[in-house]
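This is the structure, below, for whatever I ask next.
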There are 4 protein chains.
Amino acid sequence: MTGEAASRGRIDKRQAILAAAFEVFANRGYAQACVQEIADAAGVAKPTVYNHLTDKETLYRHAVEAAADLVGAECRTAVAGLRDTDRNPEPALRDSAYRLLRICNGERSHALRSLTFAQLASFPDLANLVQDRTSGQLAETLADRLARLSLAGRLRPCDPVVAAEQLLALLTGPLEVRSRLGTRKVSAAELKSIANAAVDTFLSAYGGGTSAPEMA
Amino acid sequence: MTGEAASRGRIDKRQAILAAAFEVFANRGYAQACVQEIADAAGVAKPTVYNHLTDKETLYRHAVEAAADLVGAECRTAVAGLRDTDRNPEPALRDSAYRLLRICNGERSHALRSLTFAQLASFPDLANLVQDRTSGQLAETLADRLARLSLAGRLRPCDPVVAAEQLLALLTGPLEVRSRLGTRKVSAAELKSIANAAVDTFLSAYGGGTSAPEMA
Amino acid sequence: MTGEAASRGRIDKRQAILAAAFEVFANRGYAQACVQEIADAAGVAKPTVYNHLTDKETLYRHAVEAAADLVGAECRTAVAGLRDTDRNPEPALRDSAYRLLRICNGERSHALRSLTFAQLASFPDLANLVQDRTSGQLAETLADRLARLSLAGRLRPCDPVVAAEQLLALLTGPLEVRSRLGTRKVSAAELKSIANAAVDTFLSAYGGGTSAPEMA
Amino acid sequence: MTGEAASRGRIDKRQAILAAAFEVFANRGYAQACVQEIADAAGVAKPTVYNHLTDKETLYRHAVEAAADLVGAECRTAVAGLRDTDRNPEPALRDSAYRLLRICNGERSHALRSLTFAQLASFPDLANLVQDRTSGQLAETLADRLARLSLAGRLRPCDPVVAAEQLLALLTGPLEVRSRLGTRKVSAAELKSIANAAVDTFLSAYGGGTSAPEMA
DNA sequence: TATGAATGAGCATTCATTCAT
DNA sequence: AATGAATGAATGCTCATTCAT
């Protein structure tokens with residue numbers, strides 16, 4: 001009991017530090033963020049931060065990695081509805097598209113994107129890691145789903161990797177513009193409109209499988 | 001004469017400083033870049049930098065602005081071929097798409113994108129300015145062209161703003177993934193493949209106006 | 001029994017800490033040595049060091065004092081052979097001289113010397129304590145022996161304090177130079193040569209007692 | 001003029017920093033000395049110290065080196081009187097001995113000795129450098145003089161290196177004891193007594209060449 | 001008693017910025 | 001106009017020391 005409570009406390013503190021770190025890094029950027037501020041935000045003393053995470057760099061890497069994992073998981077959840085190949089995929093596509101946009105429009109996503117770009121030069125490996133665990137995995141998952149839909153005759157035969165890539169591009173590209181890189185709030189209605197426009201275009205190109213064969 | 005030569009020298013020095021500044025900022029990021037390094041790269045003494053540009057911030061703003069203007073101009077040139085409404089727009093689209101990708105894949109573009117994201121928190125206004133002068137203007141120009149093509153019956157009736165937005169998204173989104181945010185070289189062949197896939201999808205959705213049947 | 005064993009364990013731990021402390025202080029110097037490293041070297045946790053020895057300063061004092069006592073005891077042993085006033089003292093002198101040099105050339109002696117000098121400013125009293133318990137006591141012991149030898153007519157009448165002082169100087173001075181303050185190994189042969197040269201000079205000045213009285 | 005004055009100012013500042021640094025290092029030791037204190041003592045701002053001397057380590061090395069050169073030069077001056085081989089060397093020996101003791105008893109010498117020992121572990125090369133430029137060069141110079149005196153028949157034939165080494169040992173050894181490693185003031189009278197005792201013993205061993213009977 | 005965890009205080013170093021020349 | 005030199009303000013990191021268990 002005591003042991004569990006203690007280690008719980010330890011873990012909580014570490015989590016608190018990582019969360020505070022991501023928050024501060026997101027607001028200030030890597031270089032401008034100072035460890036003292038992170039410590040303050042986490043409610044601990046500066047050396048405690050160092051005890052748990054060695055370095056400003058290490059702190060940054062762990063904070064970013066954790067955020068990337070969170071976003072990645074959210075994204076995978078968002079496209080879960082596409083697993084069903086028994087139905088016309090259009091409603092599921094519209095739903096997933098909107099869910100993805102909500103995630104991408106979230107603060108965490110914007111911050112992650114921002115930080116990743118910002119530190120491209122300093123931590124290129126971290127950029128790759130983040131991309132893999134977020135858009136990379138998402139694209140793969142999506143490609144899998146699209147491939148099955150295509151096989152099931154719900155989508156025209158196509159390269160599922162390209163299709164997934166383009167669907168995502170049709171979602172995130174316009175969002176980036178409309179949100180002005182994340183500096184502007186985008187209403188739910190606008191998100192829906194982006195999502196639907198994306199799905200429309202996507203289906204124009206990839207829709208219409210066997211049920212209404214375009215004589216592929 | 002002397003006066004002109006002198007002011008010419010002055011201008012040259014200012015340009016040299018701005019160029020060096022963009023280079024250094026691009027390589028190190030805003031905070032990590034130090035004025036001394038920029039001065040060294042420009043071949044002048046540190047106070048000279050301050051004489052010309054007041055501030056690190058001012059220096060940054062001017063350097064970024066100049067780069068944005070350059071990229072913006074390049075982009076506008078790239079889509080010049082779309083002005084012609086007398087022909088099937090497909091070849092021009094493929095050409096413009098490829099040209100745009102080459103620009104977006106260039107070092108300057110990547111650096112600009114990187115820096116803009118990196119300093120979102122510190123200089124949000126600069127982010128907007130850059131976006132306006134690059135993708136913003138480009139999107140507008142493109143929307144104009146597409147509107148005329150649509151009017152001319154070369155494209156299906158559509159919202160030209162959305163169409164432009166999506167075409168750009170289909171180009172830049174996949175490029176970003178493939179180039180791993182700019183850290184990886186992308187071959188000309190791959191660029192062409194991205195461009196063609198984008199145009200294919202775009203034309204599936206927006207192509208086929210009245211006068212120019214796809215069967216062409 | 002248990003009590004004894006326990007207190008034995010306690011004492012052992014304390015000894016281990018002191019030994020580790022001297023080792024670490026010797027290698028790093030007072031300020032550069034950190035308590036954590038000492039704790040690690042002693043195989044205990046940091047607070048345990050504090051439990052036993054209060055302070056970094058206290059720890060240092062005890063460690064140095066213990067080392068000084070060890071060296072002091074060794075030195076006294078080394079000159080035991082001079083107690084004999086019945087024989088020509090030359091062989092005993094040569095033997096004692098060599099033994100002293102071996103001690104002074106030992107790691108512990110060098111470390112002690114180094115640390116004492118290093119912390120002159122911070123702990124001047126400790127410097128005096130160390131000097132008293134090592135060269136001080138040795139000089140006194142030696143002076144006693146020389147006085148008796150002189151009285152016994154084995155040495156010319158002289159001020160035994162000065163004589164002892166000079167004999168020690170003739171030993172340690174050259175050793176310090178040859179060993180480059182302890183950074184260089186000095187061979188046994190070289191030690192012997194130093195010892196003999198010292199005794200030669202010493203006997204030239206102080207040798208020749210009653211057997212060939214110079215009629216002081 | 002202006003240039004000279006300016007560079008003069010620069011040099012003066014550098015000298016001031018080095019002098020202040022030696023002072024502070026001597027009083028506090030390397031690790032305990034903080035650069036701010038040195039800057040204050042030199043009457044400059046901290047970064048100025050770094051501008052001139054790069055590093056705390058570099059600062060230390062230059063300060064110590066400069067002090068070593070000063071002491072070395074003083075020592076060489078002190079034994080200048082021994083160059084004369086036409087006279088009985090005894091008065092010159094007594095004079096040089098006393099002069100050397102005054103130097104070795106000076107604050108700078110003590111500090112140099114202290115610091116050298118203190119940082120043996122951190123900067124062993126510096127220890128050697130200091131020893132070479134002070135006692136090393138002195139011993140050589142002295143050996144030269146003694147060799148010539150010996151050749152001139154003013155001293156008994158001997159190994160001049162050993163003789164020099166022993167003479168210096170007879171001076172510095174007792175001084176170190178009497179001054180308690182430099183923590184205690186030693187009166188001029190006591191210095192003279194040490195010097196004379198050293199010369200007495202030295203001459204007992206090495207004096208009495210062929211041409212200059214001791215009875216002189 | 002022994003220890004994992006936490007902290008307050010301190011220090012080297014860097015950098016944007018400003019004078020004096 | 002251009003520069004060498006100087007500085008005030010920060011910031012990463014370390015370490016002796018103390019709690020709570």
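In what follows, chains carry the letters A, B, and so on, assigned in the order in which the sequence lines appear, proteins first and then strands, with residues in each chain numbered from 1.
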Please report the distance, rounded to the nearest Å, between CG in A:L53 and C1' in E:dA5.
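In whole Å, E:dA5 C1' lies 14 Å from A:L53 CG.
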Distance, rounded to the nearest Å, where B:Q36 contributes CD and F:dT3 contributes C1':
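It is 11 Å, rounded to the nearest whole Å.
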Please tell me which of the listed nucleotides, F:dT7, E:dC11, F:dT18, lies nearest to the side chain of D:A45?
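Nucleotide nearest to D:A45's side chain: F:dT7.
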Residue pair A:V35/C:T54 against DNA chain F: nearer the 5' end by closest nucleotide is A:V35
Where is the tightest heavy-atom contact between B:V24 and B:A41, given as atom of each residue plus distance?
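It is CG2-CB, 4.2 Å.
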Please determine, for the side chain of C:N51, which listed nucleotide (F:dA2, E:dA2, E:dA12) has the closest atom?
E:dA2
Return the minimal non-hydrogen interatomic distance between C:L59 and C:A21, and the atom names on each side.
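So the minimum-distance heavy-atom pair works out to CD1-CB, 3.7 Å.
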Could you check how far CD of C:Q32 sits from C1' of E:dC11, rounded to whole Å?
14 Å
Separation of E:dA16 atom C1' from B:E57 atom CD, nearest Å, is 13 Å
Counting heavy atoms from C-beta on, name the nucleotide in E:dT13, F:dA6, E:dA2 closest to the side chain of C:K13.
E:dA2
DNA chain E: 5'-proximal contact among B:Y50 and D:K56 (nearest heavy atom)
D:K56
Pairing partner of F:dA1 (Watson-Crick or G-U wobble, both distances under 3.5 Å):
none
What's the shortest heavy-atom distance between D:L181 and C:T116, and which atoms?
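That closest heavy-atom pairing would be CD1-CG2, 3.6 Å.
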Just how far, in rounded Å, is P of F:dA16 from CG of C:D40?
12 Å
On the 0 to 90° scale, with breaks at 30° and 60°, tag the C:F117-D:F117 ring pair as parallel, tilted or perpendicular.
parallel
By nearest nucleotide on DNA chain F, pick out whichever of A:Y30 and C:A31 is the more 5' one.
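On the 5' side of the pair lies A:Y30.
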Among the nucleotides E:dC15, E:dA12, F:dA2, which one has an atom lying closest to any side-chain atom of B:T48?
F:dA2
Would you say the side chain of A:K46 and the base of E:dT7 hold a donor-acceptor pair, judged only by whether the two atoms sit under 3.5 Å apart?
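By the distance-only test, no, there is no pair.
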Please report the distance, rounded to the nearest Å, between OH in D:Y60 and C1' in E:dC11.
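Rounded to whole Å, this separation is 18 Å.
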On the nucleotide F:dA6, are OP1 or OP2 found under 4.0 Å from the side-chain N or O atoms that D:H52 carries?
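It does, given that an N or O in the side chain of D:H52 lies less than 4.0 Å from OP1 or OP2 of F:dA6.
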For B:Y30, is the NZ or CZ atom of B:K56 found under 6.0 angstrom from the centre of its six-membered ring and inside 45 degrees of the ring axis?
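So B:K56 does make the cation-pi contact.
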A:L59 CG to F:dT11 P: how many Å, rounded?
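From A:L59 CG to F:dT11 P: 15 Å.
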Out of E:dT7, F:dA5, E:dG4, which nucleotide sits closest to the side chain of A:P47?
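The answer is E:dT7, which lies nearest to the side chain.
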Nearest nucleotide by nearest heavy atom, which residue falls closer to the 5' end of DNA chain E, C:G43 or B:A33?
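Final value for this comparison: C:G43.
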Of all the choices, E:dA12, F:dT3, F:dA16, which nucleotide is nearest to the side chain of B:V44 once you look at every atom?
F:dT3
In terms of heavy-atom contacts, A:G29 and A:L115 come closest through CA-CD2, 4.2 Å
Report the distance from atom CD1 of C:I38 to atom C1' of F:dT17, rounded to the nearest whole Å.
14 Å
